[in-house]
Amino acid sequence: MPAGTPIADLYSSPPDSLIGRTLEVTGWVRTRRDSKAGISFLQVSDGSCFDAFQVVVPSELENYESEVLRITTGCAVRCRGEVVESRGKGQALEMKAAGVEVVGWIEDPDSYPMQAKRHSFEYLREVAHLRPRSNTFGALGRVRHCLSMAVHRFMDEHGFHWIHTPIITANDCEGAGEMFRVSTLDLANLPRDEDGAVDFGQDFFGRESHLTVSGQLNVETWCSALSKVYTFGPTFRAENSNTSRHLAEFWMVEPEIAFADLSDDADLAEAMLKYLFRTLLEERADDMRFFQERVDEGCIDRLETFVDSSFERMEYGEAIRALEQAVAKGRRFDFPVSWGIDLQSEHERYLTEELVGRPVVVMNYPKDIKAFYMRMNDDGRTVAAMDVLAPGIGEIIGGSQREERLEVLDDRLEEMGLDKADYWWYRDLRRYGTVPHAGFGLGFERTILYATGMANVRDVIPFPRTPNSAEF
RNA sequence: UCCCCUGUAGCUCAAUUGGUAGAGCGAGCGGCUGUUAACCGCUAGGUUGCUGGUUCGAGUCCAGCCGGGGGAGCCA
């Protein structure tokens, strides 16, 4: 019982090669329209491309009255018939059905959650199991896949190796935010040590373990052998953050390159993003056209401009000066601007949305606001860190050159009150054949937001996990 | 975690200063048409998120709880 010819194939093949052929189309009915001239029209979608395919059903079919006229939005069907030139406008080809089998009915059409009408994204989140059947989410599914494959293709073509860094980590030293605990202990009856603390020695791994917040530390080890590596997988943050750009479970691309500095890192970020967006424009033109028409009319222009222009690069110090100049001209910010501050959302927005008008890379931040592993610059007060800021989204990439000098790294660990012993294998990389290297993390969902003009990360991942929300 | 907004039919929303609910879309039926966001007519559909309070009377006011959204922080 194989599926029918993919509808994408019907649209990508020359019409002449299809006309006159008898074949099958399988999918879900988007709409049914009847003509009392004795025919019905079914728009059948199988998700292989944006467009549905029109099936013309003559009333002569033996199940026309009994079944075809009862077909509603959402029914699963198998249609067999001859491909003919369409007599109507709006499509070149259509199927003249010789048989229509209703494979799956809609139990109660009146309460079917995915009716043939516009739905709000908020509503669709409540029916995440059915929302893939909508135009928008079908398009997002194909776009997400396209970008995923483009990540791997870009990396592969540039000599990178995909490293499957662990999801579970027993290192309590990743540093970036709250972590989800992984445990097999009986929560109702926790083992205690003599001090009354939970005895994690009895836990599955014999120590505390968590879900990873980043594959970076692990992937650095493989970078120090295979030179060009990356991770691409889920990461987890137990932060209680409730915004349109945060998820508790999200996907991240993390390249790491050896014999490289921050400038090489920014070059890589630029080349990769351009490749991703160029691929998207080429391979999912149908879906992007939809986003342009219904979601964000500027999305295609934005990507085309991005692909054709170079990154705007800016030193942190320059960014501060630009903000101070804006203040001098009367621009108001809630948070005061001075050298040394971490940029607030409003500051980032100003830089990328107002000052530059497209993504901007801010480089070399004050050391006190950045992580221990970022490389100390010669000025002694900044580190080789970079953030790529995008309009409407904020930070889409965070990266840095890593500190490859053991003494400097140790100083930083001490300065930040971290225990060297916890980082023994990370420090080993600096003891044995250490090398300048750099990398970054690209937020995959935020990238999709930027590309499509969607406004909320919960809508660009199939099953969003956020505080208090893990249905489905 | 903090601040703001919000919760009425399957969905999107309306309901004057508190007087016990309406429309559009969707659905069902009928009409019309090679239709395509089809169109026209009729019909069905609601214990107004939950609990309590004020009042002669609560969708409307108050308190608590639950859910949704936006923003902040954290970051990707």
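Each chain gets a letter, A, B and so on, in the order its sequence line appears, and its residues count up from 1. The shown structure was predicted, so the numbers you read here are calculated from the model rather than taken from an experiment.
- B:rC29 sits 36 Å from B:rG68 when the P atoms are compared, rounded to a whole Å.
- Pairing partner, B:rG64: B:rC50, with both Watson-Crick or wobble hydrogen-bond distances short of 3.5 Å.
- Taking all atoms of both residues into account, the shortest heavy-atom contact from A:L351 to A:A322 is CD2-CB, 4.5 Å.
- Comparing B:rG26, B:rG34, B:rC75 against the side chain of A:I39 picks out B:rG34 as the nearest.
- The A:Q115 side chain lies nearest to B:rG10 when the options are B:rG73, B:rG10, B:rU33.
- Across B:rA27, B:rU35, B:rG10, the shortest atom-to-atom separation from the side chain of A:K117 is found for B:rG10.
- A:E346 comes within contact range of no nucleotide atom at all, as no heavy-atom separation falls under 4.0 Å.
- The residue A:E94 sits close to a base: some heavy atom pair falls under 4.0 Å.
- When both distances must be under 3.5 Å, the Watson-Crick or G-U wobble mate of B:rU1 is B:rA72.
- In a base pair of the Watson-Crick type (N1 to N3 plus N6-O4 or O6-N4) or a G-U wobble (N1-O2 and O6-N3), with each distance short of 3.5 Å, B:rA14 is matched with no nucleotide.
- Base contact: A:H246 has a heavy atom under 4.0 Å from a base atom.
- Considering all non-hydrogen atoms of both residues, A:M95 and A:G81 come closest at SD-N, 3.7 Å.
- Centroid-to-centroid, the aromatic rings of A:W222 and A:H161 stay 6.0 Å apart or farther.
- As rounded to the nearest Å, B:rA44 and B:rG52 have P atoms that lie 33 Å from one another.
- Both geometric conditions, a ring-centre gap below 5.5 Å and a plane tilt below 30°, are fulfilled for A:F250 over the base of B:rA76.
- In this structure, the ring of A:Y373 has its center no less than 6.0 angstrom from the ring center of A:Y426.
- Backbone-only contact: A:G398 has heavy atoms under 4.0 Å from sugar-phosphate atoms and none from a base.
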message: Walk along nucleotides 64-71 of chain B from 5' to 3' and tag each nucleotide B, S or - by protein heavy-atom contact under 4.0 Å, base first, then sugar-phosphate.
response: ---S-SSB
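- For residues 50-59 of chain A, proximity to RNA chain B is found at A:Q54, A:V56, defined as any non-hydrogen atom under 4.0 angstrom from a strand atom.
- Heavy atoms of A:I397 sit under 4.0 angstrom from primed sugar atoms or phosphate atoms, though from no base atom.
- With a cut-off of 3.5 Å on both Watson-Crick or G-U wobble distances, the partner of B:rA37 is given as none.
- Note on A:F41: a base of the nucleic acid sits closer than 4.0 angstrom, heavy atoms only.
- Cation-pi check for A:R358 over A:F306 is not met; the charged atom does not lie both under 6.0 angstrom from the ring centroid and within 45 degrees of its normal.
- Pairing for B:rU55 is absent, with no Watson-Crick or G-U wobble pair whose two atom distances lie under 3.5 Å.
- Within the 4.5 Å cutoff, no side-chain heavy atoms of A:S45 are placed close to those of A:W28.
- In this structure, A:I396 reaches the sugar-phosphate backbone alone: every heavy-atom distance under 4.0 Å involves primed, P, OP1 or OP2 atoms, never a base.
- Residue-level contact check: A:S86 touches the bases, meaning some heavy atom is under 4.0 Å from a base atom.
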